[in-house]
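Below: one structure, written as structure tokens.
Just so we're clear, the structure is a prediction, and the values are computed from it rather than from any experiment. Every number for a ligand or one of its atoms is a count from 1 in the order of the listing.
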Amino acid sequence: MRPLHIDFDAGALRRNHGIARQHAGKGTRLWSVVKADAYGHGLIRTVETLADLADGFALIELEGAIALRQAGFRQPILMLEGFYHADEIPLFIHHDLTPVLHSQLQIEIFLRTPLPTAYLKLNTGMNRLGLEPREFLQAFHALHHVTDVTLMTHFADADDARGVDWQMARWTTLCDALGKKTSLANSAALLKYPETGGQWARPGIMLYGGSPFPDTPAAALNLQPVMTLKSEVIALRELQPGDRVGYGGTFTAETSMRIAIVACGYGDGYPRHAATGTPILVGNQRTRTLGRVSMDKLCVDITNRTDVNVGTPVTLWGKGLPVEEVATAASTISYELFCAVTSRH
Ligand SMILES: *Cc1c(COP(=O)(O)O)cnc(C)c1O
């Protein structure tokens, strides 16, 4: 069997949920966000691990929500993009799913067959999903007699310098007077602005041990990696000065070197944009990648190492190597690396 696999640390997932709980405080319940196959961690095993801790699960995919119901999970489920077509409504009813209503079209469909619960989403400036203030108020007045409405928005800058105040100003103007339950905070807001927690916060990345902040390592937030992406060395090679490595020969040896070939590439979700020098653990020691990442393989520097053989374990990211370091080297964020891990492991 190809040695690439995910080590899934259920204990870390549960402890990270506990950290989210601490930040949320007593009055705030938590949607555990498990969209995109639980950020690449596996939907069912993630939900199983959190089943006795989570207040509810939030995701995007209707198939995923139905799979959770069929596996016997009875917690509330929030569908973050709601339904896409009217013909999904019977499934929402049958499986007891709560839709986010973010568009006028959804409101029209919903009013024909109101469900017991719904989230009503206000655009406060992210300009992605959400109703404009006028539509939002109209929808609220049409809905709140027939359904249990929770008010929702999403922050665009909770992880950076611009922060949430500018969006909160638009939010409070409209929503404070309505006296309803609210849901605003993602991981970054929950950690940095816990006062935005409302009745239901929506942490995602922090559950998986990723930091939502560009400049704060996850460990500084007491978060632990849930996914460790592991593989093995499958070949060793000596290089002479002038030898080049991989497609396009983008790395050239200047001295004699030893390299190892690792079974992991962009076909597995490792970022092709990770340049020469991306950190990687071979055995338990840090080294660097060399040359371009291929579909199934990448090359690493093991010059002066005597402990490396075919079969030596390699950590691409996770325990011992924060995913953020690899993400930075590939000009992306942990979220994208997690989600890209393919089912080939
Ligand atoms: C993905 C998502 C979240 C979770 O965001 P994190 O940054 O991973 O905590 C929360 N709310 C909505 C609407 C989302 O789409």
Residue Ile205 vicinity, atoms of ligand 1 by number, heavy atom under 4.0 Å: 6 (P), 8 (O), 9 (O)
Check: Gly204 N/O within less than 3.5 Å of ligand 1 N/O: yes
Ligand-side contact atoms (ligand 1) for residue partner His154, heavy atom cut-off under 4.0 Å: 10 (C), 11 (N), 12 (C), 13 (C), 14 (C)
Check ion pair Asp7-Lys319 (N to O, under 4.0 angstrom): no
Enumerated ligand 1 atoms positioned under 4.0 Å from heavy atoms of Lys35: 1 (C), 2 (C), 3 (C), 14 (C), 15 (O)
Test item: Phe155 and Met168 side chains (from C-beta on) under 4.5 Å apart, heavy atoms: yes
Polar contact flag for Tyr335 and ligand 1 (N/O pairs, less than 3.5 Å): yes
Backbone or side-chain N or O of Val33 under 3.5 Å from ligand 1 N or O: no
Nitrogen or oxygen atoms of Lys121 and ligand 1 under 3.5 Å apart: no
Met206 heavy atom under 4.0 Å from ligand 1: no
Atoms in ligand 1 with a heavy atom of Tyr39 nearer than 4.0 Å: 1 (C), 4 (C), 5 (O), 6 (P), 8 (O)
Backbone of Gly210 reached by a side-chain donor or acceptor of Ser334 within 3.5 Å: no
Met126 CE: over 12 foreign heavy atoms closer than 6.0 Å: yes
Under 4.0 Å to a heavy atom of Met152 - the qualifying atoms of ligand 1, by number: 13 (C)
Step-by-step side chain to side chain donor-acceptor pair (under 3.5 Å) determination, Gln199 to Arg29: CA-CA 6 Å; Gln199 279 69 49; Arg29 281 181 283 176; over 6 Å; no
Which residue and heavy atom of the protein sit nearest atom 11 (N) of ligand 1, plus the separation: Arg202 NE, 2.9 Å
Side chain Arg170, main chain Thr124, donor-acceptor under 3.5 Å: yes
Asn304 atom CG, neighbour heavy-atom count above 12 within 6.0 Å: no
Nearest neighbour in protein (non-hydrogen) for atom 9 (O) of ligand 1: Ser187 OG, 2.5 Å
Arg162: salt bridge (Lys or Arg N to Asp or Glu O under 4.0 Å) partners, not counting sequence neighbours: Asp157
